[in-house]
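Below is one structure; the comments refer to it alone.
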Amino acid sequence: MIDKTVPSVAQAVQGIHDGATVMIGGFGEAGSPIELIHSLIDQGASNLTVINNNTGSGEVGLAALIKAGRVRKMICSYPRSQNSTVFPDLYRAGKVELELVPQGTLAERIRAGGAGIPAFYTPASVGTPLQEGKELRSFGNQEYVLERGLRADYALLKARCADRYGNLLYNKTARNFSPLMAMAGGTTIVQVAEIVEAGELDPEAVITPGIFVQQVIRIPNPAHESDLVRQGVIYP
Amino acid sequence: MIDKTVPSVAQAVQGIHDGATVMIGGFGEAGSPIELIHSLIDQGASNLTVINNNTGSGEVGLAALIKAGRVRKMICSYPRSQNSTVFPDLYRAGKVELELVPQGTLAERIRAGGAGIPAFYTPASVGTPLQEGKELRSFGNQEYVLERGLRADYALLKARCADRYGNLLYNKTARNFSPLMAMAGGTTIVQVAEIVEAGELDPEAVITPGIFVQQVIRIPNPAHESDLVRQGVIYP
Amino acid sequence: MTSPIGLSREEMAQRVALDIPDGSYVNLGIGIPELIAKFVPEGREFIYHTENGLLGMGPSPLEGQGEPELINAGKRQITALPGAAYFHHADSFAMIRGGHLDLCVLGALQVAKNGDLANWSTGGPDAIPAVGGAMDLVAGVKQIFAVTQHCTKKGHPKLVEACTFPLTGVGVVSRIYTDLAVIAVTPEGLRVLELSPGVDLAYVQERTGTELLPSLPSS
Amino acid sequence: MTSPIGLSREEMAQRVALDIPDGSYVNLGIGIPELIAKFVPEGREFIYHTENGLLGMGPSPLEGQGEPELINAGKRQITALPGAAYFHHADSFAMIRGGHLDLCVLGALQVAKNGDLANWSTGGPDAIPAVGGAMDLVAGVKQIFAVTQHCTKKGHPKLVEACTFPLTGVGVVSRIYTDLAVIAVTPEGLRVLELSPGVDLAYVQERTGTELLPSLPSS
């Protein structure tokens, strides 16, 4: 019987190797798999390339992973937040690389990676510094820039609900990049608040079909990053 | 107040001009907007380029539109059906053009058109006759073919349910190309069996957000193509 | 921080709202643009898109009723209106890049006379570059309005001959709303459409880094 | 239409099913491949994908219980199993092209010794070309099995030195299941893994358009 649930966060992330590329779901705190990230900090993998829209907040979750020195390079669209200096400090000190990607290009690159599209053209960034070093080409009367699909060894995601096949439902704007990263992750690991029986999810309403998911771990009451930041929590 | 519902199929299709490019939803009969197609036959527009996975069945719906001589060119992946000779006969007689596109490439081209992606690379068709005349390029160790986004002046679709904003739910495998064509159609016209109040659709479960839809027409009991074919119906 | 003369931030937002046609699909940037949502003119309905995955964005939640997983692109808590839909980021930017949004209102660091926009980085050596969705928005949305104070806090003009900050997009802005004026980007240059109460063209020109054309007599 | 010797269509389908690992995501082509779904070996669970938008495809509906809008890629009515999910065509082919499916079993007009597959057109002057999803499937799915009668109805070999019909994909087939044998596509050529009951290598070779290598002694 197919059953993708795993018993612990430690087991879920145990295979992540030094030097791995890891996509992490979420837009700000919405959809951030904070328990999986903390477990990854405990696990110790380093020299990671991390793909996330942001760079975390406070000193928990993604910001804590970066602070712990585990991240060699960030690929993101917006590496600033009002309440974290972790990334800016390390970036200015030359201790972490940054590949800055327009947000829609980032989303499309991840989707393309997951969909077997090696490259595509987009109008975003043409004529700006972020186009530098990239191929330009005209279609019709407009110029476009060639962008590459992105894949990752692992995707760490948060969803609301799953079944044993890994079918997923999300919560509101916590959906954001996660369905794309599920497609683009070689091993997609998802923390969910609830696991239901096969057949309980409406097949018309499933957002991520289970084929894109390798492991599901139940975290019934996930922490909210903003709560932890407000409480002054520093992980670990 | 935004209200995209229109009172009649005749009004829905009245703007479609001679020479228009029209995407028509459906995979075989599943999702085929047969009442909209029949109304388009009545309306009389000709010299159309039609994009659909197939070429219809019997002498109703899309097959009837082709038989009526309104279609200059078909863009599709599978122009054969067990119970229609309309397209094959006209094609052999040189009276209709065919652009044959692998099914996944067709789907992705339509999505790309709707998503503002002018072109992308895919591995499908490399080394086959369908790659002829197209640019090849290597990424990594594999060859890919460059394919263009597809847009259309109109998209004619069938869905199960809509609200006044044009948010759509579909029915099972009748979903197929329709959410993509909704994105790629300049004017997207959708026949639905049911129209509900704004707020009745679960925002987590909406498949096509209303931004992609311009007109909604209620057809409470749509015909099934296979029933009409079985009954020997010939339209008009 | 209010100018002695000219519109307040709220008034600027309200002024922009007046120019949004009924039924528009609109994306609002961070800052002054966010305030626009409060000012829907009588008899119109706008649908607000937030690029992190919601169409049908409603106002801020009541105190204590917000949800950390229902936020806008500025990461502020919001609500969803009846008829809303959630979607993932690729679909959200398909709406943007595919030209499905009617209007995007963005803040600006600089706008050039040809409509070039700079709004993501001052390019300073210590700046952390952060672009977000701005480059996709200006490349894809049908019409781009910039709303901004006419000058920086230090009094430097933000409407300029050519942007000195890194560009967000080339020739993308069609109209500029400031505390002092409403200005159209035209092939001839920046044309004043409307002056704020108590402000004359010379006053605005003095605070502008490029020549302003006077408004045309209305026909 | 049964051969005097060799497997029936049903037996060929059953033979393929034996080689599908537990937990596989599988797409089945039209014809003999469709029959495979009936033969899930004891203790295994397969998830069937149909490219027109369903993962978790179940068997044919009971007489009179089918729905015209719940069909497979061959446009036959099917059912959906508990745990199924519907999706649109772009997502469906993202699964295919993105390498998320473990196995696709397709029919064949010809298979060449290097794994080239021709299964969509005879290329005849009067043929209506119709490719469907075959080119995407062979380009994207991790492993491609071909299942086919060893020879055409007229007795011509379908396993050949080089395909004469238009290709579906280059070097894509890894294994061939026929009424007479199970054959692996290897860098050295076609290697017989298994002969059907009552058939010897010479008999199969005689009906094959390219050299067959004998099975290796099992280690």
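A note on names: the letters A, B, ... follow the listed sequences, proteins ahead of strands, and every chain is numbered from 1. Model, not experiment: these values are computed from the prediction.
Contact of Leu101(C) with chain B is made through backbone and side chain together, with heavy-atom distances under 4.5 Å. Both the backbone and the side chain of Ala90(C) come within contact range of chain B, judged by heavy atoms closer than 4.5 Å.
No other option in Gly149(B), Ala115(B), Ala184(B), Gly199(B) has as many heavy-atom pairs under 4.5 Å with chain C as Ala115(B). Among Ala205(B), Gly114(B), Ala198(B), the residue with the largest count of heavy-atom pairs under 4.5 Å with chain C is Gly114(B).
Relative orientation of the Phe139(B) and Tyr121(B) rings is perpendicular, given thresholds of 30° and 60° on the angle between their planes. Taking the six-membered ring for Trp and thresholds of 30 and 60 degrees, Tyr48(C) and Phe46(C) have ring planes more than 60 degrees apart, a perpendicular arrangement.
Classification of Glu225(B) and Lys158(B) as a salt-bridged pair fails, no side-chain N sitting under 4.0 Å from a carboxylate O.
For the residue pair Glu10(C) and Ser8(C), no side-chain donor N or O sits within less than 3.5 Å of a side-chain acceptor on the partner.
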